[in-house]
Participant: 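Structure in C-alpha cells, see below.
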Amino acid sequence: MSSLNTNLPYRKSISGRFMGRTALVTGGTDGIGRAIALELLREGANVVIAGLEADKENGSKTFLDEGFSPLIITGDLASEAFCKDLMKQSLQHLGRLDFLVNNAFSFVAKSLDATRQDWLRSFEVGPFAFALLTQLAAEPMKSQGFGAIVNISSISCRIAQPNRWTYNAAKGAVAQLTRCSALDLAPFGIRVNSVSPGWIWTREVDKAAGSDRAKYEPIWGKFHMLRRLGHPIEIAGPVLFLLSEDASFITGTDIPVDGGYNGLGPEGLGETTKIAGST
Ligand SMILES: NC(=O)c1ccc[n+]([C@@H]2O[C@H](COP(=O)([O-])OP(=O)(O)OC[C@H]3O[C@@H](n4cnc5c(N)ncnc54)[C@H](O)[C@@H]3O)[C@@H](O)[C@H]2O)c1
C-alpha cells in the first residue's frame, strides 16, 4: 500500500468570522497568497491584493470563478514607491486596514555565485518590503488600536539547505523582523506573527519538477512526516487563525506548517534504519 496521501484537503465551512474586516495580501494572485486571499474573501473580508502584472489575469479569473472581484494592484514590491502607492490605494479602497499578510517573496536561491544584485533582489522583495509595508500599515492600525500582521516565512528561515544563501538569509531576516516588530507594535494592539510552510506545491515547485508531480511528490514528500507536499489552502487556515481573535494572545512567534519537516532527524522516515525492537 502506498503511504502517499493524495487526498485533497477538506474545504472548510464558512463562518463569516471576518465580516466587516479589511485586509491587504501581497502575492495574492497566485499560490499560497491566492489561497489566503480567497479564504479571507470567503469569510467575509474586504481584500486588496498585490501581485505582478503577469499574474493579474489568471488571478482575477480564479477570484471571479469563486464569485469575487477584489481590487488587484500590480507592481514590483522591490520598489519603495510601489509599496507606498500600494498602501495608499489600499487604504483609499478599504477605508481602514485590519490585516496585512506579507507573502510575496523572491525565490533567488544563490550561494557562492550570488551577486550583489541577487542579494538586493532577495532582500528588497522580501524583508525590506515586509518591513516597509509593516511600517505603513502600523499608522492606520495604531489609530484603530487594532491590527494583525502575518509574515510568510519558511522552513528555510532556520535550517541550512544547499545553495540557498540568499533565500534562507532573507527568510532568517523575516523571523527577526517578526519578533522585533511584534514587540514594538504590541502596545498599540497590533499583533505580528509568521507562518513557516514546508514544501507546498505551487508554481516554483512545479517548475522544479518539470510539472511531473507524480514522479516528484513521492520523493520530496519524504522530507515531511506526512509523506507529501502541502496544498496552498493548508497554509491559509493557520494564517487566518493568526489573524483571528482566537489568536488574541499570540504575537512575536512562528507557526511551522510543514507536515512534520522540522521534527525529522537525520534518520528521516526511518526507511533505511533498523532499530532494536522494530521489525
Ligand atoms: N511554495 C513553497 O514550497 C514555499 C515554501 C515555504 C515558503 N514559501 C513562501 O510562501 C510565499 C508564497 O510562495 P508561493 O510558492 O505561493 O509563490 P508563487 O510563485 O506561487 O506566487 C507568488 C505571488 O507573489 C507575487 N510576486 C512575486 N514577486 C513579486 C514582486 N516582486 N512584487 C509583487 N508581487 C510579487 C506573484 O505575482 C504571485 O502572486 C513566499 O513568501 C514563499 O517564500 C513557499
Side-chain angles (χ1 to χ4, degrees), residues 24-39 47-63 70 72-87 90 100-109 120-130 132-133 150-159 161 164 166-175 177-178 194-209 213 216-217 220-221 223-224 228-236 238-239 254-259 261-262:
L24 169 60
V25 179
T26 71
T29 47
D30 209 332
I32 292 169
R34 187 169 64 190
I36 295 166
L38 256 179
E39 285 299 293
V47 183
V48 169
I49 286 153
L52 293 172
E53 178 61 32
D55 297 323
K56 183 175 180 179
E57 196 180 327
N58 197 27
S60 311
K61 190 180 169 316
T62 312
F63 293 118
I72 298 178
I73 301 173
T74 61
D76 187 348
L77 287 158
S79 153
E80 183 173 359
F82 173 67
C83 289
K84 287 181 172 166
D85 188 55
L86 171 65
M87 188 55 73
S90 301
L100 167 66
V101 180
N102 282 313
N103 164 72
F105 218 77
S106 164
F107 282 101
V108 179
L120 280 173
R121 188 74 192 156
S122 297
F123 275 73
E124 282 180 348
V125 181
F128 289 5
F130 280 31
L132 178 56
L133 290 174
V150 174
N151 296 324
I152 304 302
S153 183
S154 170
I155 46 171
S156 306
C157 80
R158 56 174 72 83
I159 55 161
Q161 288 168 297
R164 296 266 207 121
T166 46
Y167 183 78
N168 289 26
K171 287 296 185 185
V174 168
L177 173 68
T178 301
S194 63
V195 163
S196 286
W199 287 54
I200 308 299
W201 204 282
T202 60
R203 63 187 177 182
E204 284 296 321
V205 173
D206 193 63
K207 204 160 62 179
R213 188 165 184 167
Y216 283 96
E217 175 130 17
W220 296 336
F223 302 158
H224 310 75
R228 64 174 176 87
L229 270 66
H231 298 268
I233 197 173
E234 293 178 298
I235 304 302
V239 169
D254 179 67
I255 299 186
V257 185
D258 63 4
Y261 182 108
N262 266 305

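Each ligand, and each atom within it, is numbered from 1 in the order the structure gives. Below, each value reflects all heavy atoms present in this structure, side chains not excepted, and no hydrogens, waters or symmetry copies.
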Participant: Nearest 0.5 angstrom please: Thr74 OG1 to Asp55 CG, how far?
Facilitator: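 Rounded to the nearest 0.5 Å, the OG1-CG separation comes out at 10.0 Å.
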Participant: Applying a strict 4.0 Å limit to heavy atoms, is Gly59 in contact with ligand 1?
Facilitator: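 Judged by the 4.0 Å heavy-atom criterion, Gly59 does not count as contacting ligand 1.
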Participant: Can you figure out which of Ile152, Asp206, Val125, Asp30 has its heavy atom closest to atom 10 (O) of ligand 1?
Facilitator: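 Checking each option, the heavy atom nearest atom 10 (O) of ligand 1 is found in Ile152.
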Participant: Ignoring hydrogens and angles, tell me if any N or O in the side chain of Thr166 forms a donor-acceptor pair with the backbone of Ser122 under 3.5 Å.
Facilitator: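 Such a contact is absent between Thr166 side chain and Ser122 backbone.
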Participant: Before accepting this row, confirm whether a basic side-chain N of the pair Arg34/Glu39 lies closer than 4.0 Å to the acidic partner's carboxylate O.
Facilitator: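 Not counted as a salt bridge, because no side-chain N and carboxylate O are separated by less than 4.0 Å.
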Participant: Numbering the atoms of ligand 1 from 1, which are under 4.0 Å from a heavy atom of Gly31?
Facilitator: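 Ligand 1 atoms under the 4.0 Å threshold to Gly31: 16 (O), 20 (O).
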Participant: Does Val205 approach ligand 1 within less than 4.0 angstrom via side chain, backbone, both or neither, non-hydrogen atoms only?
Facilitator: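 Contact part for Val205 vs ligand 1: side chain (C-beta onward).
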Participant: Should the proximity of Ala50 to ligand 1, defined as any heavy atom under 4.0 Å, be assigned to the side chain, the backbone, both, or neither?
Facilitator: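 No part of Ala50 is near ligand 1 at this cut-off.
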Participant: Taking distance alone, with N or O pairs closer than 3.5 Å, would you say Ile200 contacts ligand 1?
Facilitator: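 Yes: some nitrogen or oxygen of Ile200 is under 3.5 Å from one in ligand 1.
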Participant: Output the distance between atom CD (Glu53) and atom OG1 (Thr29), rounded to the nearest 0.5 Å.
Facilitator: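 Interatomic distance, Glu53 CD to Thr29 OG1, rounded to 0.5 Å: 9.5 Å.
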Participant: How long is the gap from NZ on Lys207 to OG1 on Thr202, to the nearest 0.5 Å?
Facilitator: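 Interatomic distance, Lys207 NZ to Thr202 OG1, rounded to 0.5 Å: 10.0 Å.
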Participant: Out of curiosity, is Ser106 lining ligand 1, as in a heavy atom under 4.0 Å away?
Facilitator: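 Contact check Ser106 vs ligand 1: negative.
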Participant: Which protein non-hydrogen atom lies closest to atom 27 (C) of ligand 1, naming both residue and atom, and how far is it?
Facilitator: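 Looking only at protein heavy atoms, the one closest to atom 27 (C) of ligand 1 is Leu52 CD1, 3.8 Å.
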Participant: Does the distance from a Lys or Arg side-chain N to an Asp or Glu carboxylate O, for Lys84 and Glu80, drop under 4.0 Å?
Facilitator: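 Salt bridge flag = yes for Glu80 with Lys84.
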Participant: Rounded to the nearest 0.5 Å, what's the gap from CG on Leu133 to CE on Met87? Could you check?
Facilitator: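 So the CG of Leu133 and the CE of Met87 are separated by 5.0 Å.
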Participant: Report the part of Arg121 (side chain from C-beta onward, or backbone N, CA, C, O) that has a heavy atom under 4.0 Å from ligand 1; answer both or neither where that applies.
Facilitator: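 Side chain only.
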Participant: Hey, are Lys56 and Asp30 close enough for a salt bridge, meaning a charged N less than 4.0 Å from a carboxylate O?
Facilitator: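 Salt bridge absent between Lys56 and Asp30.
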Participant: What residue and heavy atom of the protein are closest to atom 16 (O) of ligand 1, and at what distance?
Facilitator: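 Looking only at protein heavy atoms, the one closest to atom 16 (O) of ligand 1 is Ile32 N, 2.8 Å.
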Participant: Below 4.0 angstrom from a heavy atom of Ser153, which ligand 1 atoms are there? Numbered from 1 as shown, please.
Facilitator: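 Near Ser153, the atoms of ligand 1 are 7 (C), 9 (C).
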Participant: Indicate the ring-plane relationship of Phe107 and Tyr167, choosing parallel, tilted or perpendicular according to the 30° and 60° boundaries.
Facilitator: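 Answer is parallel, since the angle falls under 30°.
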Participant: Show the atoms of ligand 1 that are less than 4.0 angstrom away from any heavy atom in Gly51.
Facilitator: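 Near Gly51, the atoms of ligand 1 are 34 (N), 37 (O).
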Participant: Below 4.0 angstrom from a heavy atom of Trp199, which ligand 1 atoms are there? Numbered from 1 as shown, please.
Facilitator: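 Those atoms are 3 (O).
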Participant: Given Gly27, Ala129, Ser154, Ser196, which has its nearest heavy atom closest to atom 6 (C) of ligand 1?
Facilitator: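 Considering heavy atoms of Gly27, Ala129, Ser154, Ser196, the nearest to atom 6 (C) of ligand 1 sits in Ser154.
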Participant: For the backbone of Arg121 and the side chain of Glu124, can you confirm whether one donor and one acceptor N or O come within less than 3.5 Å of each other?
Facilitator: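 Here the side-chain-to-backbone pair does not exist.
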Participant: Between Tyr167, Phe82, Phe105, flag the one that comes closest to atom 8 (N) of ligand 1 by a heavy atom.
Facilitator: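 Nearest option to atom 8 (N) of ligand 1, by heavy atoms: Tyr167.
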Participant: If you count the atoms of ligand 1 from 1 in the order shown, which ones are under 4.0 Å from a heavy atom of Asp55?
Facilitator: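 This gives 36 (C), 37 (O), 38 (C) as the contact atoms.
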Participant: Could you tell me the separation between the CZ atom of Phe82 and the CG atom of Asp76, rounded to the nearest 0.5 Å?
Facilitator: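 Here the interatomic distance stands at 8.0 Å.
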Participant: Closest by any non-hydrogen atom to atom 41 (O) of ligand 1: pick that one out of Asp258, Leu229, Ile235, Asn103.
Facilitator: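 Heavy atom nearest to atom 41 (O) of ligand 1 belongs to Asn103.
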Participant: Calculate, to the nearest 0.5 Å, the distance between atoms OG and CG belonging to Ser153 and Asn102 respectively.
Facilitator: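 So the gap between those two atoms works out to 11.5 Å.
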Participant: Can you figure out which of Arg203, Lys171, Lys207 has its heavy atom closest to atom 18 (P) of ligand 1?
Facilitator: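 The residue whose heavy atom sits nearest atom 18 (P) of ligand 1 is Arg203.
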Participant: Which atoms of ligand 1 sit under 4.0 Å from any heavy atom of Thr29?
Facilitator: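 Going through ligand 1 atom by atom, the ones under 4.0 Å from Thr29 are 37 (O), 38 (C), 39 (O).
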Participant: Of all the heavy atoms in Gly198, does at least one lie under 4.0 Å from an atom in ligand 1?
Facilitator: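 True for this residue.
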Participant: Consider ligand 1: state whether an atom of it lies below 4.0 angstrom from any non-hydrogen atom of Phe107.
Facilitator: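 Per 4.0 Å heavy-atom rule, Phe107 contacts ligand 1.
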Participant: Relative to atom 15 (O) of ligand 1, which among Leu77, Ile155, Thr202 owns the nearest non-hydrogen atom?
Facilitator: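 The nearest heavy atom belongs to Thr202.
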Participant: Less than 4.0 angstrom from a charged side-chain N to a carboxylate O is my criterion; do Asp254 and Arg158 meet it?
Facilitator: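 Yes, Asp254 and Arg158 are salt-bridged.
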Participant: Can you sort out which atoms of ligand 1 are near Asp76, meaning under 4.0 Å from one of its heavy atoms?
Facilitator: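 Going through ligand 1 atom by atom, the ones under 4.0 Å from Asp76 are 30 (C), 31 (N), 32 (N).
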Participant: Any donor and acceptor pair, going by atom type alone, linking the side chain of Thr26 with main-chain N or O of Ala104 inside 3.5 Å?
Facilitator: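 Confirmed, Thr26 side chain pairs with Ala104 backbone.
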Participant: Which heavy atom of the protein is the closest neighbour of atom 33 (C) of ligand 1, given with residue, atom name and distance?
Facilitator: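 Going atom by atom, the protein heavy atom closest to atom 33 (C) of ligand 1 ends up being Gly75 O, 3.2 Å.
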